[in-house]
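Note on naming: letters A, B, ... go to the chains in the order of the sequence lines (proteins, then strands), and numbering restarts at 1 for each one.
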Amino acid sequence: MADSPILEVNGLITEFDTDEGVVRAVDGVSFTVDPGKTVGIVGESGCGKSVTALSIMRLLPQPMGQVVGGAISLKGQDLATLSFEEMEKIRGNHIGMVFQEPMTALNPVHTIGRQLTEGLKIHKGLSGQEAIIEAVKILEKVGIPSPEIRLGEYPHQLSGGMRQRVVIAIALACGPALLIADEPTTALDVTIQAQILELIKELQAELGMSVILITHDLGVIAETCDEVVVMYAGKVAERGTVFDIFDRPAHPYTQGLLRSIPTLETTPKSTLNVIEGMVPGLRDLPKGCRFENRCPKATDLCRETPPTEELIEGMHRVSCYQWQST
Amino acid sequence: MTPLLQVDDLCMHFPVKEGLFLRSHKANRAVDGVSLHINPGETLGLVGESGCGKSTLGRCLVRLYEPSAGTIRFAGQDITHLKPRALRPLRQNIQMIFQDPMESLNARHTVGEILEEPMIIQGLGGSSVERKQRVRELLNIVGLPARSVSRYPFEFSGGQRQRIGIARAIALNPQLIVCDEPVSALDVSIQSQILNLLVDLQREFNLAYLFIAHDLAVVKHVSDRVAIMYLGRIVETADSETLYRNASHPYTKSLISAIPVPDPHRDHQRQILTGDVPSPIAPPSGCHFHPRCPVAEPRCSERYPATRIVGEGHESACHLSPEN
């Protein structure tokens, strides 16, 4: 079937064993990624969006982080049952990952060339010379001028935007079916951010891969994503197409977020809508809905029993008892 | 109206030490001939990309740095080269809010001690009892519970810590606050709370702000006028609406066009700048922006354009901006 998803995440639960007890960072997260689509995961710090990505990649800090429930399947293959070695093949070949801070994602003591050819030699079985030819092609593709010279340089010799291009080149080297980009432009300036987002879009169209884009920036989501997953305190609050989320937000958290961001259209110095209070700590979560203590629509039911996900229409799903109340 | 702050041709050049004897042959021209003014009760937004010198400029204005050239006048008084002792009374009137409240608050002091300290240093605020009363009043103004007095900064969330930083900045009833990226480190839902607080405080106490940030939408929201900085120089200044609706400088236009808009229906035709921001140690000849400028002409690489008036209160440093 042409439309079967590349990635299916079902009821994912990830826990961290900390000094002060077990903390559940991701609690029952489900979503799918279809071929060629971009899915955005949006949420504030600590909502579990990065932990979700690390769980998919099986890159959780060990031994503290563990996936304790749910299933992750890539093209129908259950990732949880794979051995460490098999998972390594998946990471290089089938899923590429781009992190927020390119300087920490790159090894400072190895040349760009060495870091870029490593994956090609291991996963594609290319010889040294073949790998170099391929690396030059990839660097050209991500828009790095004079790639032959860059291959011999070290990460510190490049600017932030160029470094992020190298990280993208490494992630794409083996032609993965899925790219996971965790805040890929947060550390970059706005003009450089525009370049990198455009590059990801172009490469996606060219290579036909799927993308998971993790960000806190709703503007980036609106401009790049087909579908959106809104996370709050470890759970999915709402998910749907980008139009569902921006035109018909159903969860009070999504509604509050969209109203609270200043845009170029808002009247200067007008009072912005705010979501009162702050995100609860993962150690003292509310008993019912996790947004209950900040929600203008909360009732006794919300305070007592966590809501389950309901289907609104099409792909639009929400975890809220009050989504039909205005 | 006499401006509260008047800055003329301000330069801040840092020597770049290199070579065997660390002799300085070059300079990092972080701020390179900036002129601006801020009126009482007004917000001037200062926008630019990392390394453009906006934070250095802010730090010069509060005299954390001594400028290399140019003048800074505060309420008519030349403060450019005041010595530390002479600066002390000035600190009462010019305060600063930093990006990272965790780094700018002393982790070993309670919130009460942090807020009381400026009053003790300035010898203001009366007796110890009166000062403690003022601390409670400040906490109330910024929306923190009174019991915060005996707590330490680490016990607070990022948004609450920024409220502590704001309370400290307004403790002495200053006239000008330099806000250096005050909401960049905060989550979206908290950011709007802090922006509302800053706007409310300005109305209540007639504060003037220099609001430094890289987020144009945020800056537009809080500012009366906005100055755009590129590689140590101000390239365009205008009132907020004019700047966003009718920008004149090509750099401003591309900055505005690069902002992602939270509206999936908008078919955003971007004008994407190529290349990176050059180094302020060796800025390009002529107009600093010409290597990235989509409309550059030969003269742009030859000489730096003079700042010209393109409309009321609207200035642009571009050879191609039509003169009014």
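Counting all heavy atoms, side chain and backbone alike, R292(B) lies closest to I192(A) at NH2-CD1, 4.0 Å. Between A217(B) and P262(A), the shortest heavy-atom distance links the atoms CB-O, 3.4 Å.
The contact between V218(B) and chain A is made by backbone and side chain atoms together, counting heavy-atom distances below 4.5 Å. For a residue to count as touching a neighbouring chain, one of its non-hydrogen atoms must lie under 4.5 Å from one of that chain's; by this rule Q191(B) touches chain A with the side chain only. For chain B, no part of I221(A) is nearby; none of its heavy atoms comes within less than 4.5 Å. Heavy atoms of L273(B) lying under 4.5 Å from chain A belong to its backbone as well as its side chain. In this structure, the portion of R294(A) lying under 4.5 Å from any heavy atom of chain B is its side chain and not its backbone.
Residues of residues 268-285 of chain A that come within less than 4.5 angstrom of chain B, heavy atom to heavy atom, are P268(A), K269(A), S270(A), T271(A), L272(A), N273(A), V274(A), I275(A), E276(A), G277(A), M278(A) in numerical order. Identified by a heavy-atom distance below 4.5 Å to chain B, the contributing residues of residues 43-53 of chain A are E44(A), S45(A), in residue-number order. Residues of residues 201-211 of chain B that come within less than 4.5 angstrom of chain A, heavy atom to heavy atom, are Q202(B), R203(B) in numerical order.
Dense packing is recorded around CZ of R245(B), with more than 12 heavy atoms of other residues, nucleotides or ligands lying under 6.0 Å away. For E155(B), the CD atom counts as densely surrounded, since its 6.0 Å shell holds more than 12 non-hydrogen atoms of other residues, nucleotides or ligands.
Heavy-atom pairs under 4.5 Å with chain B were tallied for T266(A), I261(A), T191(A); the largest tally goes to T191(A). Per-residue heavy-atom pair counts under 4.5 Å with chain A were compared for N196(B), V219(B), L255(B), and the maximum is reached by N196(B). The candidate from G161(A), P145(A), G219(A), G160(A) with the greatest count of non-hydrogen atom pairs under 4.5 Å with chain B is G219(A). Chain A forms the most heavy-atom pairs under 4.5 Å with one residue out of G275(B), S254(B), S223(B), S240(B), and that residue is G275(B).
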| request: May I have the step-by-step check of side chain to side chain contact (heavy atoms under 4.5 Å, CB included) for V261(B) and T263(A), ending in yes or no? | output: CA-CA 8 Å; V261(B) 183; T263(A) 68; over 6 Å; no
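You'll find the side chain of P262(B) stays beyond 4.5 Å of the side chain of E223(A), heavy atoms only. The shortest distance between side-chain heavy atoms of F246(A) and H265(B) does not fall below 4.5 Å. Side-chain atoms of R259(A) and S192(B), non-hydrogen and from C-beta on, never get closer than 4.5 Å to each other.
Note that CD1 of I272(B) is 4.0 Å distant from CD of E198(A), once rounded to the nearest 0.5 Å. To the nearest 0.5 Å, atoms CG (D263(B)) and CG (D247(A)) are separated by 7.5 Å.
In this structure, E49(B) contributes its side chain and L188(A) its backbone to no donor-acceptor pair below 3.5 Å.
Evaluation of the ring pair (Phe, Tyr, Trp, His ring centres under 6.0 Å) rule for H288(B) yields Y304(B) as partners, not counting sequence neighbours.
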